[in-house]
Q: 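This is the structure I want to talk about, given as structure tokens.
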Amino acid sequence: MSPFRSHMDAAMAEARAAAARGEVPVGAVVVAPNGRVVARAGNRTRELADPTAHAEILALRAACAAAGSERLPGHDLYVTLEPCPMCAAAIGFARIARLYYGAADPKSGGVAQGARVYAHPQCHHAPEVYDGIGATEAAALLKAFFEGRR
């Protein structure tokens with residue numbers, strides 16, 4: 001087994017690109033079991049006029065299309081912000097093995113906050129969850145984005 005390598009830097013790059021497009025700066029990266037990045041995305045809800053176009057959903061869609069399957073066993077997902085309940089459910093449906101996220105989302109999070117999707121008995125698959133990865137940088141990017149909008 002190869003040593004752990006974080007891909008949060010790639011997710012942060014996607015978040016910064018989302019901010020540059022006027023989207024809430026959230027980025028996500030899907031990593032295959034062999035360590036290769038197979039999909040990356042940033043939020044595009046405004047651009048696509050699609051409330052489901054969160055970074056995680058777009059990255060999962062691309063990774064599933066590349067794999068030719070609706071499931072991604074053994075894959076990791078890196079995301080700059082705690083996934084909302086919709087994204088947390090999709091991550092479970094995709095059978096992601098490990099979820100790494102940066103900043104906590106007390107308002108809309110669905111993993112450690114609020115809905116706590118993986119804690120429900122109806123949850124068929126819960127990934128291993130690792131939070132706080134690059135949280136300071138991710139939170140600062142979000143804060144700067146929203147301060148610029150007020």
Side-chain angles (χ1 to χ4, degrees), residues 6-19 21-33 37-67 69-150:
S6 176
H7 292 273
M8 193 57 80
D9 55 341
M12 283 301 302
E14 292 296 324
R16 286 190 290 275
R21 294 191 300 272
E23 301 277 358
V24 174
V26 177
V29 175
V30 178
V31 180
V37 172
V38 293
R40 51 192 304 154
N43 276 358
R44 292 184 179 274
T45 57
R46 292 182 175 181
E47 174 187 341
L48 300 175
D50 178 356
T52 70
H54 290 194
E56 302 95 316
I57 300 292
L58 298 175
L60 289 172
R61 286 176 182 162
C64 286
S69 173
E70 78 282 13
R71 295 193 176 158
L72 300 166
H75 287 65
D76 295 343
L77 176 68
Y78 289 81
V79 61
T80 58
L81 181 65
E82 176 183 355
C84 72
M86 172 186 70
C87 292
I91 291 162
F93 294 150
R95 304 299 195 265
I96 290 292
R98 285 164 297 278
L99 166 63
Y100 300 90
Y101 70 85
D105 188 352
K107 182 180 173 198
S108 302
V111 178
Q113 319 282 331
R116 299 183 54 163
V117 170
Y118 305 131
H120 288 266
Q122 297 89 347
C123 179
H124 295 292
H125 172 79
E128 294 174 29
V129 176
Y130 303 91
D131 63 352
I133 313 288
T136 302
E137 184 183 2
L141 181 61
L142 285 157
K143 184 177 183 198
F145 177 82
F146 285 112
E147 282 177 351
R149 296 238 178 263
R150 292 188 176 111

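If you're wondering where the values come from, they're calculated on a predicted model, not measured in any experiment.
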Q: Determine the minimum heavy-atom distance between T45 and H54, stating which atoms define it.
A: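 Shortest heavy-atom contact: CG2-CD2, 3.7 Å.
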Q: Please round to the nearest 0.5 Å and tell me the distance separating atom NE2 of H75 and atom SG of C64.
A: 8.5 Å
Q: Which of these, V111, L81, T80, sits in a side chain to side chain contact (heavy atoms under 4.5 Å, CB included) with Y101?
A: V111
Q: Could you tell me which non-hydrogen atom of A135 sits nearest to which non-hydrogen atom of G102, and how far apart they are?
A: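 Between these two residues, the closest heavy atoms are CB-O, 3.5 Å.
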Q: Let me confirm one number: the OH-CD distance from Y118 to E128, rounded to the nearest 0.5 Å.
A: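 Interatomic distance, Y118 OH to E128 CD, rounded to 0.5 Å: 12.5 Å.
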Q: For P25 and A18, work out which heavy atoms get closest and say how close.
A: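 Heavy atoms only, the tightest pair is CA-CB, 4.2 Å.
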Q: Are the side chains of P127 and L77 in contact, using a 4.5 Å heavy-atom criterion?
A: no
Q: Distance-only, no hydrogens or angles: does the E23 side chain make a donor-acceptor pair with backbone N or O of R46 under 3.5 Å?
A: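 Flag set: sc E23 to bb R46 pair under 3.5 Å.
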Q: So does R116 have more than 12 non-hydrogen atoms from other groups sitting under 6.0 Å from CZ?
A: no
Q: Is any side-chain heavy atom of L141 less than 4.5 Å from a side-chain heavy atom of R16?
A: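 Heavy-atom side-chain distance check passes, below 4.5 Å.
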Q: What are the two closest heavy atoms between R40 and V29, and how far apart are they?
A: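 That closest heavy-atom pairing would be CB-CG2, 4.0 Å.
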Q: What is the distance from atom CD1 of I96 to atom CG of L72, rounded to the nearest 0.5 Å?
A: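 These two atoms lie 4.5 Å from each other.
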Q: Okay, side chain of N43, backbone of V24: is any donor-acceptor separation there less than 3.5 Å?
A: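 The answer is yes, because a donor-acceptor pair under 3.5 Å joins these two groups.
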Q: Please step through side chain to side chain contact (heavy atoms under 4.5 Å, CB included) for the pair E82 and D131, ending with a clear verdict.
A: CA-CA 8 Å; E82 176 183 355; D131 63 352; over 6 Å; no
Q: Looking at OG1 of T52 and CZ of R44, how far apart are the two atoms once the value is rounded to the nearest 0.5 Å?
A: 13.5 Å
Q: Just by modelled atom types, is the A88 backbone N or O under 3.5 Å from a matching donor or acceptor in the E56 side chain?
A: no
Q: In terms of relative ring orientation, are Y100 and Y130 parallel, tilted or perpendicular, with 30° and 60° separating the classes?
A: parallel
Q: How close do C123 and H125 get, counting heavy atoms only, and between which atoms?
A: SG-O, 3.2 Å
Q: Rounded to the nearest 0.5 Å, how far apart are CG of L142 and CG of D105?
A: 8.0 Å
Q: Which heavy atom in A59 sits nearest to a heavy atom in A41, and how many Å separate them?
A: N-CB, 3.8 Å
Q: Is it the case that the side chains of S69 and R95 hold a donor-acceptor pair, with the cut-off being a distance below 3.5 Å and no angle test?
A: no
